[in-house]
Amino acid sequence: MTGAFYVTTPIYYVNAEPHIGHTYTTVVVDTLARYHRMAGEPTFFLTGTDEHGEKVAEVAEQRGETPTAVADRYSKAFRSTWDELGFSYDRFIRTTDPDHVAMVQLILQKVYDAGEIYFQEYEGLYCVGCERFLTERDMADGLCRDHDRAPERRKESNYFFRIAKHFNWLSDTIEKHPDFIRPPGFRKETLAMLREESGLGDLCISRPKDRLSWGIELPFDGDYVCYVWFDALINYLTAVGYPDGPDFERLWGAAEHVIGKDILKPHAIFWPILLRVIGAPLFRHLNVHGHWNVDKRKVSKSLGNMISPLAMKQRYGFDAFRYVLLRDMVFGLDANFTEAGLVARINADLANNLGNLVSRTLNMTARYSGGRVPQPGAPDDLENEIAEAAPRTAAQVDRHLRRCEVSRALEAIFGFLDGVNRYLETRAPWKAARDGGEEAKRLVSTSLYTACEALRVTALMIAPFLPATAPAILERLGIPGALEGARLPDDVARWGVLAPGTPTVKGPALFPRIEPPAEDA
RNA sequence: GGCGGUGUAGCUCAGUCGGUUAGAGCGGCGGCUUCAUAAGCCGUAGGUCGUUGGUUCGAGUCCAACCACCGCUACCA
């Protein structure tokens, strides 16, 4: 596993503060990036903001500001939030960055020169509410489906990108590479969109400046700006120096996009076609996740249920919050978030299972072994089982993460911890400690050593998921630097690394149990 | 309207190529234990596998229709 790893979040549109949805995507990508770094793969993690388009121009207009000022403010909100949450991104890109603007124009020109863009005047039904032309499918009984108002007849000229003629090979590609778009539900949905009857046609990629000026100008016609999706998708190339930057070839071939299901179409259809047209290889995988509902309702500004990640960090600690996000959404399906559910999950997994295991192990080490890692005796079957379960678990984590199945990866790790708790129950060192005989002493030392080792490898395995917790555990085990240079999954198979005699620290509860919130009447 | 997804124990979900008495975690209940964050361990809970009708020796697992919820339908992760 020495290949590179290039992983991206979508760029977030600058019309709202970061909420649970943006946070989830970014947490997943951060976890993948951390994992692949620990797997020894040169990794590049890209996130950023999408800043052009009508919505931003509108907000600026309303407040008497420039679009630039509005974009700056929101972009900073994202960036400072991501920084405070400790995300390990390598670049925070903005679609207003000069290198990106230049890249978009370079690519537009390239596509234009290739004859893949045509100019067309058309007359159609325009909905003022949507600020776009409607097709028959957008209407019901002659009214706009979304705004319930009659569209007006308008004439406009625009540039179109010939995408329809590419649907066949794209379909074939998706058929031949079953995991190109995953999980499979979204692959099927994409194939359905590509079938003729879906009515998907060529893509309008321009907006006349008199309608919208906040965008990147078309290099071949100064009266138009570029349609936002065209602008936005290209950020993935800008960041790796298309077409001949030093890292381009290495990174681009390993590109993994992570998106929410709402932006499937641009990523699954427009993007591969654009890449093909400019002669760039396709990305490796498009990983599509579902949406979080909050208290069984859609996340929306008007409901005020956006869930601020900073508030969650303050209340529960960010490791705990990110654990719940990663654990409680099956990648690809929708999930429901409630604060009661979050507390239940934190208590069951982080406090009772992991936290308490750390606590009991280190407490016994303090009591029965003078606060030092004991010298183990010869391992027996039970010890061997734990030592063998560890690399087996690490292999499962590896397999799951390479498929983007983050919740499954965590299930595997916490299953391993269940086993360690059971192991302690069976060995019951606290009983043997009362006995005091030679054999009993050996049992205490061996079982505590095994538990400490199990915690050590657990810390390695959870590091990508709980980046603050992992070093905290290792510090208590007396090996604060153990994460440096650690390799996953291989190092988990190296059992017996912890040196007997190493001083340990019990410390306060890693994840204190949280009182469940009062039930609403 | 079109397309797609989901529907399995109170909750969140597994269920590979169809095959003996449908599984896990959480919660609940009973017991054990006391090293530990009233944590841990053991046992248990009987859910018409959305509905109906098919294919089959046999279907949660394939087919059809229907119902419910959700999503997309060109700027909400």
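Throughout, protein chains are lettered first and strands after them, A, B, ... in sequence-line order, and every chain is numbered starting at 1.
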Quick one: [X] [atom1] to [N] [atom2], roughly how many Å, whole number?
| X | N | atom1 | atom2 | result |
| --- | --- | --- | --- | --- |
| A/L424 | B/rG40 | CG | P | 13 Å |
| A/L417 | B/rC41 | CG | C1' | 15 Å |
| A/N353 | B/rG40 | CG | P | 7 Å |
| A/K188 | B/rC3 | NZ | C1' | 12 Å |
| A/N336 | B/rU12 | CG | C1' | 10 Å |
| A/W430 | B/rC32 | CH2 | P | 16 Å |
| A/E425 | B/rU34 | CD | C1' | 9 Å |
| A/Y449 | B/rC35 | OH | C1' | 20 Å |

With sugar-phosphate meaning primed atoms plus P, OP1 and OP2, does [X] contact a base, only sugar-phosphate, or nothing at under 4.0 Å between heavy atoms?
| X | result |
| --- | --- |
| A/F414 | nothing |
| A/Y24 | nothing |
| A/F186 | nothing |
| A/P10 | sugar-phosphate |
| A/G260 | sugar-phosphate |
| A/L203 | base |
| A/K55 | base |
| A/H52 | nothing |
| A/W229 | sugar-phosphate |
| A/D202 | base |
| A/G53 | nothing |
| A/L357 | nothing |

Using the [atom1] atom in both, what is the distance from [N] to [M], to the nearest Å?
| N | M | atom1 | value |
| --- | --- | --- | --- |
| B/rG43 | B/rG25 | P | 10 Å |
| B/rU8 | B/rU33 | C1' | 35 Å |
| B/rC35 | B/rG30 | C1' | 24 Å |
| B/rA45 | B/rG10 | P | 14 Å |
| B/rG60 | B/rU52 | P | 13 Å |
| B/rC41 | B/rU16 | C1' | 32 Å |
| B/rC26 | B/rC66 | C1' | 34 Å |
| B/rC70 | B/rC13 | P | 16 Å |

In terms of side-chain heavy atoms of [X], which of [options] is nearest?
| X | options | answer |
| --- | --- | --- |
| A/S359 | B/rA36, B/rC41, B/rA74 | B/rA36 |
| A/R360 | B/rC35, B/rA77, B/rU37 | B/rC35 |
| A/M364 | B/rG40, B/rC35, B/rA74 | B/rC35 |
| A/E189 | B/rG71, B/rA14, B/rA77 | B/rG71 |
| A/R422 | B/rU37, B/rC42, B/rG40 | B/rC42 |
| A/N421 | B/rU34, B/rG40, B/rA77 | B/rG40 |
| A/H19 | B/rU37, B/rU34, B/rC76 | B/rC76 |
| A/L333 | B/rU37, B/rA14, B/rA39 | B/rA14 |
| A/A351 | B/rC76, B/rC41, B/rU37 | B/rU37 |
| A/K265 | B/rU73, B/rC35, B/rU34 | B/rU73 |

Would a line drawn from the ring center of [X] to the ring center of [Y] be shorter than 6.0 Å?
| X | Y | result |
| --- | --- | --- |
| A/Y323 | A/F511 | no |
| A/W229 | A/H267 | yes |
| A/Y159 | A/Y224 | yes |

query: If you take atom types as modelled and just measure distance, does the side chain of A/N352 reach the base of B/rA39 with a donor-acceptor pair under 3.5 Å?
result: no

Any strand: nucleotide that pairs with [N] via Watson-Crick or wobble, under 3.5 Å:
| N | result |
| --- | --- |
| B/rC57 | B/rG19 |
| B/rC3 | B/rG71 |
| B/rG30 | B/rC42 |
| B/rG47 | none |
| B/rG25 | B/rC11 |

Under 4.0 Å between a side-chain N or O of [X] and OP1 or OP2 of [N]?
| X | N | value |
| --- | --- | --- |
| A/N363 | B/rA36 | yes |
| A/R367 | B/rA36 | yes |
| A/R434 | B/rU34 | yes |
| A/K261 | B/rC72 | no |
| A/R408 | B/rA14 | yes |

- prompt: Would you say the side chains of A/Y423 and A/E383 form a donor-acceptor pair under 3.5 Å?
  reply: yes

- prompt: Is the closest side-chain donor-acceptor distance between A/N353 and A/N421 under 3.5 Å?
  reply: yes

Is there side-chain contact between [X] and [Y], with at least one heavy-atom pair below 4.5 Å?
| X | Y | value |
| --- | --- | --- |
| A/L85 | A/L310 | yes |
| A/F87 | A/T81 | no |
| A/H291 | A/K261 | yes |

field: Of A/T26, A/T31, A/T23, the residue whose pairing with A/R322 passes side chain to side chain donor-acceptor pair (under 3.5 Å)
entry: A/T31

Among A/T9, A/D30, A/D83, the one residue meeting side chain to side chain donor-acceptor pair (under 3.5 Å) with A/Y89: A/D83

task: By nearest nucleotide on RNA chain B, pick out whichever of A/F511 and A/L212 is the more 5' one.
output: A/F511

